[in-house]
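Atoms within a ligand are numbered from 1 in the order they appear, just like the ligands themselves. All figures in this text were calculated on a predicted structure; none of them were measured in a lab. Worth knowing before you read on, the calculation uses all heavy atoms, side chains too, and leaves out hydrogens, waters and symmetry mates.
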Amino acid sequence: MSTSTDNADPVATTIDVENPATGDIIGTVENMSAEQVVGLVAAARAAQPAWEAIGFAGRGRLVRALRSWFVAERDQIIDLVVAENGKTREDALLAELYYVADSMGFWARNAAKYLADESPRKHSPLMLGKQVVVRHRPLGVVGVIAPWNYPLTLSIGDALPALMAGNTVIVKPSEITPLAVQFVVRAAREVGFPEGVLQIATGAGETGAALVDAVDMIQFTGSTNTGRRIAARCGERLIPCSVELGGKDPMIVLADANIERAVNVAVEWALRNSGQICMSVERLYVEEPIYDEFVAKVCEKVSTLRQGAPGPYGSVDIGAITSAPQLDIIERHVADAIAKGARVLMGGHRKPGPGRFFEPTVLVDVDHTMACMTEETFGPLLPIMKVPNESEAIRLANETPYGLGSSIFSRDIAKAKQLARRLTAGNTWINDAVMSYLVQEAPFAGAGDSGLGGRHGEQGIRKYCDTHTILLTRLALDHEPTMFPNSAGRTQFFDRLVALMFGR
Ligand code: NAD
């Protein structure tokens, strides 16, 4: 990415979008100013009441129309995602196209159920004759700020429940990968979304900050540092936010595990999208009796993988490193590990250009003094640590401030289930990794520095709403016993009632 001043307007700048696998410039977008963002928010605010008024069925029809277009145009969409992100076509198809298309149907189908009015059972005898209804009311204008690693899944995917709840939405994609989102947002207008309902604010961090300053709620996915700043600003403005942040996911492999499966899952989820997934396997703890066999099998498997500029389906397994600063972090983590005594069994180097690539890298003799075991790498590393027992594995797994995902491999399911409850993480996968992300009925959230809020399930749509509790008194005395004037006799009666009801 680079920015340049646009001659036509001394204030506006543009951002060039680069293909990280080739170094070619493949597009240019506006770097929107704060005034432009304010204009988008005004349009979104004007459009919101009518969007809310068309109801779940009306909104669902439009989301389904967008899905039909999305699936029909999938080749072009995948081309854009692959070109701006550098990932393989397979990853773009499965983790972006499939996920977003599935999500469109999921929210179109389930929003009304999750947001239906509720009448909670009232426990208090003082509420006799009164009816209570809790309604979930859209917040207004939602800003969705997204990262570059899954350009559509983490922008359009999060916009869907906000839209289905009756909010209007402005998506701020990463400045590194804005093209696919722009394509989808334009198509929403073409399939019939009213003007102002779904808009895009292209630009860098300042554009995102302007959005935080103007909307009614922020859904953010990105680094923990940026998330902290955004949550602080939302706190000042007293608007809600949901922040989905970084991770350092551990995988624990116990001596009784199915080693073959554990190796396949480790290699897949450490290296898919070049390790640029918030819930990548970032560190492995393997029990001593199977450690040598496990490491040998990982190396064997990694040696068969093909890396390079993504071509047609089946052409490569691992693509590019999307952002230039990320490549420096990966290189620093490897250098730091080597300096502190780690051994590199495979890879370990960035590849010469064109494009940005880092070799799939297997590190052993690692420990928690090394950045690769405690800080998010977001790259194709497999640091593997030998552990004497399961308790030590759990202790080490919990020894980072992050808490997004975590895996345990064991044939003893009862033991694995017990150990799972000792992990500080939003998600734990037994004999698996990542997969609960596809269960859109269940929350996907981070603990600790991995975030606040979460997506999916009931809470994944209710976060885009206020609650509005409406009490109705239909049958009541004109003058209820608790009303003025106060009297000593009546209050003593209530005093005895309190003792009777709660004093035992
Ligand atoms: P980032 O924090 O650098 O940027 C994310 C977005 O925030 C971009 O659109 C950026 O322009 C915008 N931004 C930057 N500064 C801003 C500011 N001051 N105010 C408002 N917006 C601002 O993150 P990234 O490098 O794009 O993404 C990688 C990170 O995202 C990794 O840490 C990864 O773990 C995390 N991530 C988390 C999840 C999850 O679900 N928990 C999913 C994917 C990625």
Which segment of Arg229 sits under 4.0 Å of ligand 1 when only heavy atoms are counted: side chain

Check whether any N or O atom of Leu245, backbone or side chain, sits under 3.5 Å from an N or O atom of ligand 1, and answer yes or no. yes

State if Arg455 counts as touching ligand 1 under the rule of any non-hydrogen atom under 4.0 Å. yes

Which residue and non-hydrogen atom of the protein lie closest to atom 19 (N) of ligand 1, and at what distance in Å? Ala209 N, 3.4 Å

If the threshold is 4.0 Å, N to carboxylate O, is there a salt bridge linking Arg233 and Asp213? yes

Nearest non-hydrogen contact to atom 29 (C) of ligand 1 from the set Gly247, Ser450, Gly222 belongs to Gly222

Are Glu18 and Arg356 within salt-bridge range, i.e. N to O under 4.0 Å? yes

Looking only at protein heavy atoms, identify the closest one to atom 28 (C) of ligand 1 and say how far it is in Å. Phe378 CE2, 3.8 Å

What I want to check is whether the side chains of Thr177 and Asn85 have a donor and an acceptor closer together than 3.5 Å. no

Measure the distance from atom 43 (C) of ligand 1 to every protein heavy atom, then report the residue, atom name and distance (to 0.1 Å) of the closest one. Leu154 CD1, 3.2 Å

Between side-chain atoms of residues 141-151 and protein atoms elsewhere (two or more places apart, or another chain), which donor-acceptor pairs fall under 3.5 Å?
{"from": "Asn149", "atom 1": "ND2", "to": "Gln276", "atom 2": "O", "distance (Å)": "3.1"}
{"from": "Tyr150", "atom 1": "OH", "to": "Asp91", "atom 2": "OD1", "distance (Å)": "3.2"}
{"from": "Tyr150", "atom 1": "OH", "to": "Asp91", "atom 2": "OD2", "distance (Å)": "2.8"}

Please name the pair of heavy atoms, one in Leu139 and one in Pro240, separated by the smallest distance, quoted to 0.1 Å. CD1-CG, 3.9 Å

Check: Asn149 N/O within less than 3.5 Å of ligand 1 N/O: no

The atoms of ligand 1 lying under 4.0 Å from a heavy atom of Ser174, numbered in the order shown, are 9 (O)

Is it the case that ligand 1 has an N or O less than 3.5 angstrom from some N or O of Ser223? yes

Considering all protein heavy atoms, does one lie under 4.0 Å from atom 4 (O) of ligand 1? no

Can you check which of Ala445, Gly205, Pro147, Cys278 brings a heavy atom nearest to atom 17 (C) of ligand 1? Gly205

For Phe70, is the NZ or CZ atom of Arg67 found under 6.0 angstrom from the centre of its six-membered ring and inside 45 degrees of the ring axis? no

With under 30° as parallel and over 60° as perpendicular, where do the rings of Phe444 and His456 fit, or are they tilted in between? tilted

Report yes or no: does a heavy atom of Gly446 sit under 4.0 Å from some atom of ligand 1? no

Residue pair Arg272 / Leu94: nearest heavy atoms and the distance that separates them: NH2-CD1, 4.3 Å

Quick one: do Asp336 and Arg332 make a salt bridge, cutoff under 4.0 Å? no

Under 4.0 Å from one or more heavy atoms of Pro173, ligand 1 contributes atoms 9 (O)

Quick one: does Gly227 get a heavy atom under 4.0 Å from ligand 1? no

So for Ile230 against ligand 1, with non-hydrogen atoms under 4.0 Å, the contacting part is side chain

Examine ligand 1 and decide if any of its atoms is less than 4.0 Å from a heavy atom belonging to Tyr150. no

Thr221 neighbourhood, listing ligand 1 atoms whose heavy-atom distance to it stays under 4.0 Å: 5 (C), 36 (N), 37 (C), 38 (C), 39 (C), 40 (O), 42 (C), 43 (C), 44 (C)

Do any nitrogen or oxygen atoms of Thr226 come within less than 3.5 Å of a nitrogen or oxygen of ligand 1? yes

Side chains of Thr202 and Glu175: do they bring a donor and an acceptor to under 3.5 Å? no

Judged by heavy atoms only, the candidate from Gly208, Gly453, Gly454, Ala146 nearest atom 6 (C) of ligand 1 is Ala146

Using a cut-off of 6.0 Å, state whether more than 12 heavy atoms not belonging to Phe183 lie near its atom CZ. yes

If a pair satisfies salt bridge (Lys or Arg N to Asp or Glu O under 4.0 Å) and one of its residues is in residues 424-444, list it, with sequence neighbours excluded. Arg261-Asp432

Whether the Thr374 and Thr400 side chains hold a donor-acceptor pair (N or O, under 3.5 Å, no angle test) is what I'd like checked. no

Quick test of your reading of the structure: of Trp148, Phe444, Phe220, whose heavy atom lies closest to atom 24 (P) of ligand 1? Trp148

Please determine whether a side-chain nitrogen of the Lys or Arg among Glu190 and Arg186 lies less than 4.0 Å from a carboxylate oxygen of the Asp or Glu. no

Could a heavy atom of Gly451 be found less than 4.0 Å from some atom of ligand 1? no

Is Glu206 salt-bridged to Lys172, cutoff N-O under 4.0 Å? no

Compute the shortest N/O to N/O distance between Ile145 and ligand 1 and return yes if it is under 3.5 Å, no if not. no

Atom 32 (O) of ligand 1 sits nearest the protein heavy atom Glu376 OE1, 2.6 Å

Please work out, at 4.0 Å between heavy atoms, whether the side chain, the backbone, both, or neither of Leu404 comes within that distance of ligand 1. side chain

Could you see which bit of Glu175 sits under 4.0 Å from ligand 1, with heavy atoms only: side chain, backbone, both or neither? side chain

Arg45/Asp216 ion pair, N-O < 4.0 Å: yes

For ligand 1, which is the ligand I care about here, please tell me if Val212 has any N or O atom under 3.5 Å from one of the ligand's N or O atoms. no

Are any of the N or O atoms of Lys172 closer than 3.5 Å to those of ligand 1? yes

